[in-house]
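When a residue number appears, it is its place in the shown sequence, counting from 1.
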Amino acid sequence: MSASDWGWRHGGRTAWAVRGLNLAIVAGERVLLLGESGAGKSTLLQAMAGVLGDDDGGEAEGRLLVGGGIPTPGRAGLVLQDPDSQVILARVGDDVAFGCENLGVPREQIWPRVTAALDAVRLGLPLDHPTSVLSGGQKQRLALAGVIAMQPGLLLLDEPTANLDAEGVRDVRDSVVRVLDTTGATFIVVEHRVAVWLDVVDRVVVLSPGGGVVADGTPAAVLSERGAELAARGVWVPGFPPAWPSRIRAASERLLSSTELAVGRKTVVQEHLSVRVESGRALAVTGPNGVGKSTLGLTLAGLLPTLGGEVVAAESLDSGAGRAPIRWKSRELLTRIGTVFQDPEHQFLAATVRAELEIGPRALGLPDAEITERVDALLERLRLTHLALANPFTLSGGEKRRVSVATALATRPRVLVLDEPTFGQDSRTWSELVAMLAELLDAGTAVVAMTHDDDFVRALADETLVLS
C-alpha cells in the first residue's frame with residue numbers, strides 16, 4: 001500500500017477527512033494505526049478497501065495504491081467500525097459464506113472455511129442461527145469471521161474489540177494472530193485501546209487531524225519515546241491514564257425500580273432482576289456479549305415491553321404520565337428518560353449535526369433562542385462545533401457517538417440510559433465526556449450505562465449490575 005499526497009473529502013463537507021498523506025506499508029507488515037478522534041483513520045481503511053464510494057460520495061486528491069493498483073472492493077478484507085453495516089444475510093453461516101461466494105471460492109472449500117472462521121472467533125452458534133438476534137459484540141465477531149473466511153492478503157480492522165467483553169477481546173486478537181501466522185497477510189488495525197495489539201504489531205503509525213503522519217516507527221519508539229506528546233493529543237498510550245472527574249454524591253431518590261423483572265425480545269434472556277435507578281447515581285450494567293445488557297437498557301428506558309415483572313417510575317418522575325414508562329408517548333419520554341443506542345446511526349434522523357440536536361427541543365416546543373443556546377453549548381462541550389453542518393452519517397465512529405449522546409442531553413432528561421457511551425473515543429474526548437456525565441450526576445441526573453469499559457465503571461459507577 002502506498003499513499004502520495006493523498007486526501008479525501010466527504011461530499012457536502014468543507015474540511016478534508018484526510019489530506020497530504022504520504023505513507024508506504026510493505027507486504028506482510030502488521031501496523032497499528034492511531035490518532036485522535038476524527039483524524040481520518042476509518043476513512044483511510046475504507047479507501048484501502050475500495051469502499052469509499054464514487055465521485056458523488058466525495059472528492060479525492062493525490063494517489064492511493066494497494067498492491068500496485070487502484071483499490072477495488074474484494075481485494076482487502078475490512079471489518080468496519082459498525083458491525084451492523086456488514087450483516088447481510090439472515091443466517092450466521094450464510095453471512096460468513098457471503099464474501100467467499102462473491103470471490104468465487106469453490107463450493108467445496110467454502111463451508112470448511114466458514115466453520116473454521118466461526119471457531120477462530122469463538123462464535124459458538126449454529127450455522128442457521130438468525131443474525132437478527134445477535135448482540136453488538138456477537139455481530140463484531142460475525143463480521144470478523146466473514147473476513148477471515150475470505151483469507152485476504154490485506155486484513156483491515158476498524159475498532160474490532162470496541163464492544164467486546166474481556167474474553168471476546170482476547171479471542172479476537174488470538175484468532176487474528178492465527179490467521180496472520182497462517183497466511184502472512186498484511187495487517188492494519190485501528191484501535192483506541194492500544195495495549196491489546198502491542199504484542200501483535202511491528203509498526204505504529206499516528207495520523208494527524210490536520211493532515212499527514214505525526215509519528216511512525218516501532219511500538220517502542222513511538223509510544224515510549226513520544227508517549228507524553230501523543231497522550232496530550234488524545235492518543236491512548238499505556239502508562240498515561242485518562243483524567244477522572246471528582247464526584248459530589250448528594251442525597252438521592254428512587255426514579256425507576258423493578259423486581260422480578262424478565263427482559264428479552266420474544267424470548268427471555270434475563271429474569272429475576274431487581275433494579276433500582278436513583279437520581280444523582282450511576283448504575284453500570286456489565287457482563288459478556290449476548291447476555292442481554294442492551295435489552296435491559298431498552299426495557300428500563302420504556303422502549304421494550306417487559307416479559308415478566310414491570311418497570312415502575314416514581315411519582316416524581318412520571319409527573320402525571322403514568323407509572324409505567326413503556327406506556328409513555330415519545331414526547332413524554334423526552335424530558336424523563338433519554339436513550340443512547342449502541343449503534344449511533346440507529347437514532348440519526350436529520351441531514352446535519354445541528355438539525356439532529358434540535359429535534360428533541362423542537363418537539364418540546366422550546367423557543368428558538370433557547371434551542372440555539374442548548375445546541376451551541378453541547379456542540380462546544382463535545383468538540384462538535386466544526387461539524388455542525390456536516391451530515392452525521394459521514395462522521396467518524398467517535399464523533400457519531402458524541403452526537404448521539406448530545407441528542408439525548410438536548411432535552412435534559414432526568415434519567416440517561418447509555419449503551420456503550422465511550423465507544424470510539426480518544427483519551428481526551430473520553431475524559432471530557434466522562435466529566436460531563438459526572439456534572440450531570442452531581443446535578444441529580446440518573447445514569448444507567450451498559451458498558452465493557454472498565455475505566456468508565458471505575459470513574460463513574462456507584463453500583464454495578466453484572467449479568468451472567
Side-chain angles (χ1 to χ4, degrees), residues 1 25 27-31 42 45-53 65-161 163-164 168 171-190 200 289-290:
M1 169 268 175
I25 297 173
E29 275 194 301
R30 302 179 181 185
V31 180
S42 297
L45 289 195
Q46 292 172 37
M48 287 189 282
V51 296
L52 265 184
L65 300 177
V66 173
I70 296 174
T72 56
R75 298 183 64 177
L78 170 66
V79 176
L80 295 168
Q81 224 170 18
D82 171 19
D84 263 326
S85 61
Q86 290 187 257
V87 177
I88 299 169
L89 299 178
R91 298 185 298 183
V92 164
D94 294 338
D95 198 79
V96 177
F98 183 77
C100 294
E101 291 170 345
N102 277 346
L103 293 176
V105 175
R107 182 179 179 83
E108 64 273 13
Q109 296 180 23
I110 290 178
W111 290 103
R113 287 194 189 188
V114 168
T115 55
L118 288 170
D119 288 342
V121 300
R122 303 291 195 267
L123 188 59
L125 297 171
L127 295 180
D128 61 354
H129 189 83
T131 56
S132 60
V133 299
L134 298 181
S135 71
Q138 290 171 321
K139 289 175 183 175
Q140 280 186 298
R141 297 191 195 210
L142 179 68
L144 181 59
V147 168
I148 288 174
M150 294 165 58
Q151 299 179 0
L154 174 60
L155 181 58
L156 308 170
L157 305 184
D158 196 351
E159 297 276 5
T161 68
N163 291 329
L164 296 180
D171 287 343
V172 164
R173 180 198 60 205
D174 293 347
S175 61
V176 168
V177 170
R178 287 193 293 271
V179 170
L180 296 177
D181 289 344
T182 301
T183 65
T186 306
F187 175 58
I188 305 174
V189 58
V190 169
V200 178
N289 294 120

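Listed for the Gln151 side chain is no donor-acceptor partner under 3.5 Å among the backbone atoms of Thr183. Between the side chain of Arg141 and the backbone N or O of Arg122, at least one donor-acceptor pair lies under 3.5 Å. Asp95 places a side-chain N or O within 3.5 Å of a backbone atom of Leu89 that can act as its donor or acceptor partner. The main-chain N or O of Cys100 is never found under 3.5 Å from a side-chain atom of Arg113 such that the two would form a donor-acceptor pair. Side chain of Ser132 to main chain of Ala90: no donor-acceptor pair is present (N/O by atom type, distance under 3.5 Å, no hydrogens or angles).
Taking the side chain as every heavy atom from C-beta outward, Leu142 and Leu125 never approach each other to under 4.5 Å. In this structure the side chain of Thr186 never reaches within 4.5 angstrom of the side chain of Met1, judged on heavy atoms. Leu127 has its side chain within reach of Leu118: a pair of non-hydrogen atoms, C-beta onward, lies under 4.5 Å apart.
Using modelled atom types, one finds no donor on one side chain facing an acceptor on the other under 3.5 Å when comparing Ser135 with Asn289.
Looking at Val189, Leu157, Leu78 one by one, the single match for side-chain contact (heavy atoms from CB on, under 4.5 Å) with Leu45 turns out to be Leu78.
Atom CG of residue Leu154 and atom CD1 of residue Ile188 lie 5.5 Å apart, to the nearest 0.5 angstrom. One finds the CD atom of Gln140 at 4.5 Å from the CG atom of Leu164 (value rounded to the nearest 0.5 Å). Taking CZ from Arg30 and CG from Leu155, the interatomic distance works out to 10.5 Å, rounded to the nearest 0.5 Å. In this structure, Ile88 CD1 and Thr131 OG1 are separated by 10.0 Å, a value rounded to the nearest 0.5 Å. In this structure, OG on Ser42 lies 11.0 Å from CG on Leu156, to the nearest 0.5 angstrom.
More than 12 heavy atoms of other residues, nucleotides or ligands sit less than 6.0 Å from atom CG of Leu103. Around the CZ atom of Arg91, the shell of radius 6.0 Å holds no more than 12 heavy atoms that belong to other residues, nucleotides or ligands.
Annotation for Val147 and Pro152: closest pair O-CD, 3.3 Å, computed over non-hydrogen atoms. Here the closest non-hydrogen pair linking Val172 and Leu144 is CG1-CD2, 3.5 Å. Between Ile110 and Ala97, the shortest heavy-atom contact is CG2-CB, 3.7 Å. Closest approach of Arg178 to Thr182, counting heavy atoms only: O-OG1, 2.8 Å. Of all non-hydrogen atoms in Gly50 and Pro73, the two that sit nearest each other are O-CG, 3.2 Å. Shown here for Ala117 and Ile148, the closest heavy-atom pair between the two residues is CB-CG2, 4.1 Å.
Among residues two or more places apart in sequence or in another chain, the salt bridge (charged side-chain N to carboxylate O under 4.0 Å, His left out) test is passed with Glu101 by none.
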